[in-house]
Protein chains: 2
Amino acid sequence: MPSAESPIAAVTHAIPPAARRSKAQTRISNETHLLACAEAVFAERGFEGASTALIAQRAGLPKANLHYYFPTKLALYRRLLEDIFSEWHTAANSFDIADDPVVAIGGYVRAKMALSQRRPLASKVWASEIIQGAEHMQDILVGQVKPWMDTRVRVINNWIAQGKLAPLQPQALLYMIWAVTQHYADFDAQIHALSGKRSMSKKAYEAATEQVVELIIRGCGARSQAGPP
Amino acid sequence: MPSAESPIAAVTHAIPPAARRSKAQTRISNETHLLACAEAVFAERGFEGASTALIAQRAGLPKANLHYYFPTKLALYRRLLEDIFSEWHTAANSFDIADDPVVAIGGYVRAKMALSQRRPLASKVWASEIIQGAEHMQDILVGQVKPWMDTRVRVINNWIAQGKLAPLQPQALLYMIWAVTQHYADFDAQIHALSGKRSMSKKAYEAATEQVVELIIRGCGARSQAGPP
DNA sequence: GTCTATAGACGGATAGAC
DNA sequence: GTCTATCCGTCTATAGAC
């Protein structure tokens, strides 16, 4: 919030710097805490199903405080979506267009699987938003995700032309990567019910990651050396 | 509703058979119509976010009529989940355990893609329910989906032992099939935003289906003849 | 079976004391 | 910045006339 801090500082210049920092830190800490609780509640109930009262209760704050930091439920939700996208974007950059397909695709799949394991609730919020029509995410999808995708589509087509990848629609490959990696976060309740275990152990998750990498790399026929077999 | 019809018939035996059939048909027609509208609203807003008022409004009925046919919102939701599962089960049977892996897996993937195209809202309701914890689906997952999965896990392991499939965890393959095929229903809003088109044409959907079949068949290394290369 | 009216709880958001 | 009290709308579900 640097853009909001400067006008406030201009008005309250009599307050010692230490107190100003402390107040700013309180704000950041409360906002961060509310965003974390909101992530859980929006994941569990979707946008319309979530209530600000429940988010505030989880955060241990009165509902009015939530509305002090975020004027509306939608503003809180939007901030959360932007925060989730920023991590999506970090993982997306591990799809290095300079690399060989095996390295680029394998690295991206591993990064997505790690993100699903580390922050499954964020994946669920994203999935719910898209399932429910993505009306609060059009700008992110069109302005951020689509440009990223367009560059990768070009790279994949080059790999195919060089014989490093089987002939395929690049979009179908990217959708497969997203669908499979996010499945381990979004559908964890189903995985648990079908496996009979409460949650995947660290080892089981590593094994699943290798399975996914193998299935996808083999599926798209990726190889590091040029030329068909 | 045959189990509900017999006691009613015993009490109303004075009414001509034609009128009895007509009333029964009215009930079935209203229930079916309400279920279809409920499917759309639950898909758009999730269980907690959906309101019986909106479902009734879409159905062109007063809210009280909805509660006449389905005593509670949860009862309506449960009926819908069971109906959705019955179509899931029909598609699941196209994974024929007597077939070669290419035929069985290819046929199952095509059936799942066709279901995603024909009834995307049902897929979204299922996905939302699982994302939100699957608390209303534990019996279906454990009692119906798990037994189906167990039989297929055994068949897949046999194919691997016969060299008809690459060595892999059967569960990872099944999760991939579900994740990718359902992605085309659940994430249609994202696909539309990224492709710039309002909806996938019939031809585009057929092409996507073939892409998914190829990626998955190649990914699991399925071949009809026994023995490794 | 259908519908209007309403009970009673809970939703988002705000006023105003501290 | 924090919190209590409250506005007003919508929620699920039901009562009871037709």
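So you know, we letter chains A, B, ... as the sequences are listed, proteins then strands, and number each from 1.
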Checklist line | Test side-chain contact (heavy atoms from CB on, under 4.5 Å) applied to A:Thr72 - qualifying residues, sequence neighbours left out | finding: A:Leu74, A:Ala75
Note to self: For the helix from C:dG1-D:dC18 to C:dC18-D:dG1, what angle separates the axis at the start from the axis at the finish, each from five pairs, in steps of 10°?
What the structure shows: 10°
Check: With the sugar-phosphate defined as primed atoms, P, OP1 and OP2, and the base as all remaining atoms, what B/S/- string results for nucleotides 5-13 of chain D, 5' to 3', for protein heavy atoms under 4.0 Å?
Finding: ------SBB
Checklist line | Side-chain H-bond candidate by donor/acceptor type, B:Tyr77 with B:Glu129, under 3.5 Å | finding: yes
Checklist line | Results of side-chain contact (heavy atoms from CB on, under 4.5 Å) for A:Gln57 - residues two or more places apart only | finding: A:Leu54
Next item on the list: Using the salt bridge (Lys or Arg N to Asp or Glu O under 4.0 Å) rule, collect all pairs that involve residues 53-69 of chain B, keeping only residues at least two apart or in two chains.
Entry: B:Glu44-B:Arg58
Next item on the list: Rounded off to whole Å, could you give me the CG-to-P distance for the B:Leu61 and C:dG1 pair?
Entry: 13 Å
Margin query: Run the side-chain contact (heavy atoms from CB on, under 4.5 Å) test against B:Thr209 and tell me which residues pass, sequence neighbours left out.
Written below: B:Arg110, B:Met113, B:Tyr205, B:Val213
Check: How many Å lie between CG on A:Leu34 and P on D:dT2, as a whole number?
Finding: 10 Å
Checklist line | N/O (side chain, A:Tyr69) to phosphate O (OP1/OP2, D:dT2) under 4.0 Å | finding: yes
Notebook entry, point to check: Nearest-Å distance, CG (A:Asn65) to C1' (D:dC3)?
Noted result: 7 Å
Notebook entry, point to check: Once you round it to whole Å, what is the distance between P of C:dG1 and CG of B:Leu66?
Noted result: 15 Å
Checklist line | Residue list, side-chain contact (heavy atoms from CB on, under 4.5 Å) with B:Lys197, at least two apart or on another chain | finding: B:Ser195
Item checked: Qualifying residues under side chain to side chain donor-acceptor pair (under 3.5 Å), relative to B:Gln144, sequence neighbours excluded -> none
Checklist line | Pairs satisfying salt bridge (Lys or Arg N to Asp or Glu O under 4.0 Å), at least one member in residues 111-127 of chain A, at least two apart | finding: A:Glu39-A:Arg119, A:Asp83-A:Arg119, A:Glu87-A:Arg118, A:Glu87-A:Arg119, A:Lys124-A:Asp188
